[in-house]
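Inspection log for the structure reproduced underneath, given as structure tokens.
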Amino acid sequence: MRESSATVKNEDTNDEEAAILKRERAIAFQRQHWHTTLIPNLRSGKPPSSRDIQHALIHGGVPASIRGEVWPLLVGNPLHITETLFDICLARDPDATRGQEASRNLIPTDVGRTLPELAFFQPGGTLFDSLTDVLRAFVRFRPDVGYVQGMSLIAAVFLLYSPAWQAFMLMSSIMHDGHLITFLRLDPGFVSHYMGFFDRTLKIAAPNTHSRLHRAGVPSDLFLTRWLISMFVQAVPLDTACRLWDVMLGRPDIMNLTVAAIALLIAADIPEDPDEAMARLSRRLDVDPGQLVTLFAKTVPHTIGPGRMKTLRGMLGKIVEAYT
Amino acid sequence: MAESEEYYDYLFKLVLIGDSGVGKSNLLSRFTRNEFLYESKSTIGVEFATRNLKMEGKTVKAQIWDTAGQERYRAITSAYYRGAVGALLVFDITKRATYDNVDRWLKELREHADPDIAIMLVGNKTDQPHLRGVSTAEAQQKAREAKLSYFETSALSGDNVEASFTELVKEIYSIASRAQIDVAGSSWVPTQFRPDHAESVPLGGPAKPASNGGCC
């Protein structure tokens, strides 16, 4: 409730400047902390789940200028992908008859309209060729999965911080490690089982949000498919998505994506009116990044409780297994 | 929200289908918000918008579901065809392949949508006449054979967008209002056509896909 008198406005400006200054100092301090302590720790094999790293990831996240360095350390390289493998995948002739390789025909349609607000990926943009290369290489590396619309967003976000071969490595790693690939196959049986699982988990973690969604008659797959396949890049503004990735990349499995989706639903504060609810969930949600991260890393897991979390994780694992 | 703003006599669920990149999302934003997004993005899964129209003094609420064009998504998006009373099947007049796929989309509708769904064929991107790869006559011929109406639009300039959506809604409205006069109250009239039942139409979503056994 803002008064429109001149004095108040002036104070606001001063407050704003002070806030910016404070934020800049905090970022400089964080960067320092990452360089002197956390990055060396991760390099020497300390897991991303360790306390000091989690603390830094939740409070403030990874400063954008060092994401290129930190993200690969959080993800690791479980498939031991090398730059040579990337080059081989790029050089290999595509075979449209193999698995889902024909899906590569959609890559040119999508690259130019990936994160259009940044213009990097449009034809002639600095990252247009790199994004095309990463997606082509992925299709040849995983012909069983191929290209699925939405993947271009994940590759693009990695490309903002990493060179092409590393973006390819990161994308392949999170897909493999996170079972996200099972979702990307879009098997209707899996999707329907997963939606059922999501509904149960939401009811446990956020009963109010659950009943509001039901009252409004919003089908979960209306927003969940988009949220999960883009790893939230098409769910929230880019800065917020990156902030969420900071805390999620250490373990991007479907259970964590589920928790993130619940956190976002809570933060979104869904309107009672069915049409407004559906319209809001169709758009990017402008939520507070700090609140979203806290809900994801603390509130929602706490509400579910460690015991139930383990049970749910196990249930989800079985569903994934049945469709892998 | 005041009840009067929310009041409508009819609720029509429509779907937008067709290959990737033909301009489905931009047709929708042009029709519902009069916007063309130069920064358009690909649709992942399903998106949704509504607009109210006046027909003979009655308010018709068009609830439009925009779907991803990639074949892989059809398993998910086709669930949204159920309960739809109209479909806009869109192709790009500058890309022959998107027109060649129209038959596959029609087959898709026949398999998953209600048999009496009203279908309109839409050739989009008339703002690029120099790149045209499908002639108007040819598309009209196909539409006639399949008993569809045909419109050519430009989501970019706005040409014919309003007209095409309105025509489809009008077509459905005339069937609905006739059905009501002829056999008022009889059970075969689809619920979504009955004004007095407008509120009872399940909003949104596909009917639950049949359980594949096991789980949950």
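Lettering follows sequence order; numbering is per chain, from 1.
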- [ ] Could you check if a side-chain atom of Val46(B) sits within less than 4.5 angstrom of a side-chain atom of Phe223(A), using non-hydrogen atoms only?
- [x] no

- [ ] Give the intermediate values and the outcome of side-chain contact (heavy atoms from CB on, under 4.5 Å) for residues Tyr73(B) and Thr225(A).
- [x] CA-CA 10 Å; Tyr73(B) 280 97; Thr225(A) 312; 4.0 Å; yes

Task: More than 12 heavy atoms of other groups within 6.0 Å of Lys142(B) NZ - done: yes

Task: Atom group of Thr50(B) that falls short of 4.5 Å from chain A, counting heavy atoms - done: side chain

TODO: Could you walk me through whether Asp275(A) and Gln63(B) pass side-chain contact (heavy atoms from CB on, under 4.5 Å), step by step?
DONE: CA-CA 9 Å; Asp275(A) 280 352; Gln63(B) 190 190 62; 4.2 Å; yes

Task: Residue among Leu153(A), Asp110(A), Asp199(A), Leu115(A) with most heavy-atom pairs under 4.5 Å to chain B - done: Asp110(A)

TODO: Mind checking the CZ-CD spacing from Arg72(B) to Gln100(A)? Nearest 0.5 Å is all I need.
DONE: 4.0 Å

TODO: Determine, step by step, whether Arg283(A) and Glu47(B) satisfy the side-chain contact (heavy atoms from CB on, under 4.5 Å) criterion, reporting the C-alpha distance in whole Å, the side-chain angles of both residues, the deciding distance to 0.1 Å, and the verdict.
DONE: CA-CA 8 Å; Arg283(A) 286 193 299 265; Glu47(B) 287 179 24; over 6 Å; no

- [ ] Kindly compute the distance separating CG (Leu106(A)) from OG (Ser42(B)), expressed to the nearest 0.5 Å.
- [x] 9.0 Å

Task: Spacing of OG belonging to Ser230(A) relative to NZ belonging to Lys41(B), to within rounding of 0.5 Å - done: 9.5 Å

Open item on the list: Between Val145(A), Leu184(A), Thr114(A), who has the most heavy-atom pairs with chain B when the cutoff is under 4.5 Å?
Closed with: Val145(A)

Task: For the student: nearest non-hydrogen atoms of Ala75(B) and Pro188(A), plus distance - done: CB-CG, 3.6 Å

TODO: Could you go through the side-chain contact (heavy atoms from CB on, under 4.5 Å) check for Leu281(A) and Phe48(B) one step at a time?
DONE: CA-CA 9 Å; Leu281(A) 290 170; Phe48(B) 161 89; over 6 Å; no

Open item on the list: Is Thr43(B) close to chain A through its backbone or its side chain, or both, or neither, when contacts mean heavy atoms under 4.5 Å?
Closed with: backbone

Open item on the list: With a 4.5 angstrom heavy-atom cut-off, is it the side chain or the backbone of Ile229(A) that approaches chain B, or both, or neither?
Closed with: side chain

TODO: For Glu111(B), look at atom CD and say whether over 12 heavy atoms of other residues, nucleotides or ligands are found less than 6.0 Å away.
DONE: yes

Open item on the list: Just verifying a value: how many Å separate Thr109(A) OG1 and Gln70(B) CD, rounded to the nearest 0.5 Å?
Closed with: 10.0 Å

- [ ] Please examine the side chains of Ile76(B) and Val191(A), heavy atoms only from C-beta on, and report whether any two atoms are closer than 4.5 Å.
- [x] yes

- [ ] Enter the distance from Ile44(B):CD1 to Gln149(A):CD here, rounded to the nearest 0.5 Å.
- [x] 8.0 Å

